Amino acid sequence: MTAATLAAGALALSLAGCGNSVDPIERLGRNTARSESSAPAGDQGAGPGASSPSASAADGQAYRKWGLAAPLEYAPKPAQKPALPPGAPGKAQVVDRIPLPPGEKTVFLTFDDGAEKDPEFLKMAADLRLPISMFLTDSAASSDYGHFEKLRDNGSGSTVNNHTLTHPNLRTLPFAAQKKEICGQQERLEKRFGTKPPLFRPPYGNYNDDTLRAAAECGISQVVLWRASMQIKDFQYAEGSGLKPGDIVLAHFRGPAELKGATEVQMTANMLRSIQEQGFRIGRLEDYL
């Protein structure tokens, strides 16, 4: 744990001082010194959009409406899910990048928390058929879970997942308190959306063995981290200066107060343009897990 803590601290320091970044709710990080990965978890089956989107699924001109120079490219559902090393017995598996065949440039969109509930973003996500894996915190999202239900059910294959009840730093809590945060949100999401999600993201990317054990006992198959974090105008990267194949991208449901006047739609358009400019297409994360 000492090595993991030092590595996480060094990474946080390396992200300081970005001119157009926001005060991050979650730091770019993988909790780092861990190598436990994932095994197949099964699709969540969330709503009518439970299959991968295709380039033809979206309105052919929708990209122009939302400030993109070209249509987005989407990865089809793979014929076979990538082989991921098994996790430790009794613990949820950890994933921070999807292993892809050589030459396959695909990344995956995830949005966290749920504080911002912008109806224009709902229109954007539906028009573009963005497959978004949502990780919702009850204290942030529960004032209007219907907003995220609309996003889930827009035909894109978006899904609702667990991000704790109150967004604590789990690594500072004992096992019982961690389990309460994770299982409590599992129960609330099941009551509201009809199913317990198999995926979980720890706030700030911070976790320990107790987190993985608690998550497994709450019915979580995989703990999903990230390798690139969207700020306002550009990404911060866990390594290097650009996206890499299989990167899981972190964004947040945030509004102008957190984005220095920018809207959630503007931030997302910046993110999508960067993905396009770097030559990547977008995949549905659950199709690969």
Side-chain angles (χ1 to χ4, degrees), residues 26 29-31 34 36-47 49-52 77-78 81-82 84-88 91-99 106-114 130-138 140-141 145 148-149 151-152 156-165 167 170 178-179 181-207 211-229 246-253 282-289:
E26 303 192 54
R30 298 168 282 156
N31 193 34
R34 301 201 171 269
E36 288 130 314
S37 277
S38 333
D43 292 344
Q44 184 173 344
S51 61
S52 295
K77 184 174 182 176
K81 295 185 179 184
L84 295 165
K91 298 177 184 177
Q93 303 149 347
V94 181
V95 181
D96 64 359
R97 178 178 282 152
I98 303 298
T106 299
V107 295
F108 305 92
L109 305 182
T110 67
F111 278 67
D112 280 12
D113 301 335
L130 297 178
I132 295 170
S133 299
M134 298 174 265
F135 291 87
L136 299 182
T137 298
D138 187 71
Y145 271 139
F148 304 101
E149 185 175 30
L151 181 55
R152 183 197 68 172
S156 66
S158 293
T159 59
V160 171
N161 303 289
N162 189 328
H163 196 43
T164 70
L165 287 171
H167 207 278
L170 293 175
Q178 293 197 42
K179 187 173 179 180
E181 282 283 339
I182 300 169
C183 286
Q185 181 64 337
Q186 286 288 88
E187 293 167 2
R188 294 193 186 187
L189 292 176
E190 181 182 32
K191 182 177 180 179
R192 180 60 182 80
F193 295 97
T195 184
K196 286 184 179 180
L199 305 182
F200 169 69
R201 173 169 284 158
Y204 316 103
N206 288 343
Y207 69 94
T211 314
L212 302 184
R213 185 161 59 92
E217 292 186 11
C218 295
I220 297 293
S221 300
Q222 290 157 320
V223 171
V224 178
L225 305 177
W226 64 93
R227 288 292 187 100
S229 174
D247 273 356
I248 297 170
V249 171
L250 167 67
H252 289 86
F253 294 107
I282 296 168
R284 180 178 181 266
L285 180 63
E286 285 79 359
D287 287 343
Y288 291 72
L289 294 177

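Predicted model, so just to flag it, every value in this text is computed and none were measured.
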Does the side chain of P99 reach to within under 4.5 Å of the side chain of L84, using non-hydrogen atoms?
-> yes
Rounded to the nearest 0.5 Å, how far does CG of L109 lie from CG of L250?
-> 11.0 Å
What's the verdict on side-chain contact (heavy atoms from CB on, under 4.5 Å) for R227 and I248, showing C-alpha distance, side-chain angles and the deciding distance?
-> CA-CA 6 Å; R227 288 292 187 100; I248 297 170; 5.9 Å; no
Taking the side chain as C-beta and beyond, is there a heavy-atom pair between L170 and T164 under 4.5 Å?
-> yes
Rounded to the nearest 0.5 Å, what separation is found between the OG atom of S229 and the NE2 atom of H252?
-> 6.5 Å
Would a distance-only check, ignoring hydrogens and angles, find a side-chain to backbone donor-acceptor pair under 3.5 Å from R213 to K91?
-> no
Apply ring-ring contact (aromatic ring centres under 6.0 Å, His included) to F253 and list each qualifying residue two or more places apart in sequence or on a separate chain.
-> F111, F148
Could you pull out the closest heavy-atom pair between D113 and A141, with the gap in Å?
-> O-CB, 3.7 Å
At what distance, to the nearest 0.5 angstrom, does CD1 of I132 lie from CG of L151?
-> 5.0 Å
Residues two or more places apart in sequence or in another chain: which of them pass side-chain contact (heavy atoms from CB on, under 4.5 Å) with C218?
-> K179, I182, C183, Q186
Rounded distance [0.5 Å steps], CZ in F200 versus OH in Y207 = 11.5 Å
Residue list, side chain to side chain donor-acceptor pair (under 3.5 Å) with Q178, at least two apart or on another chain | N208, T211
Between CD of E190 and CG of N162, what distance do you get to the nearest 0.5 Å?
-> 12.0 Å
The side chain to side chain donor-acceptor pair (under 3.5 Å) partners of S133 (sequence neighbours excluded) come to E286
Those residues at least two apart in sequence (or on a different chain) that pass salt bridge (Lys or Arg N to Asp or Glu O under 4.0 Å) with R192 are E149
Starting from the C-alpha separation in whole Å, work towards a yes-or-no answer on side-chain contact (heavy atoms from CB on, under 4.5 Å) for L285 and T159.
-> CA-CA 9 Å; L285 180 63; T159 59; over 6 Å; no
Sequence neighbours left out, what passes side chain to side chain donor-acceptor pair (under 3.5 Å) with R97? Give chain and number order.
-> E239, D247
Please answer whether the main-chain N or O of R201 pairs with a side-chain N or O of H163 as donor and acceptor at a distance below 3.5 Å.
-> yes
Shortest non-hydrogen contact from G283 toward T106 = N-CG2, 3.5 Å
Quick one: are P202 and V223 in side-chain contact, heavy atoms under 4.5 Å?
-> yes
Shortest non-hydrogen pair, A216 vs A92, comes out as CB-N, 3.6 Å
Donor-acceptor contact present, side-chain Q222 to main-chain Q93, <3.5 Å | no
So do the side chains of Y145 and V160 get within less than 4.5 Å of each other, counting heavy atoms only?
-> no
Gap between atom CD of E181 and atom NE2 of H167 - 0.5 Å precision | 10.5 Å
Taking it one step at a time, do D112 and T137 satisfy side-chain contact (heavy atoms from CB on, under 4.5 Å)?
-> CA-CA 8 Å; D112 280 12; T137 298; over 6 Å; no
Any donor-acceptor pair under 3.5 Å from T110 side chain to V249 backbone | yes
Can you check whether M134's main-chain N or O pairs, donor with acceptor, with N161's side chain at less than 3.5 Å?
-> yes
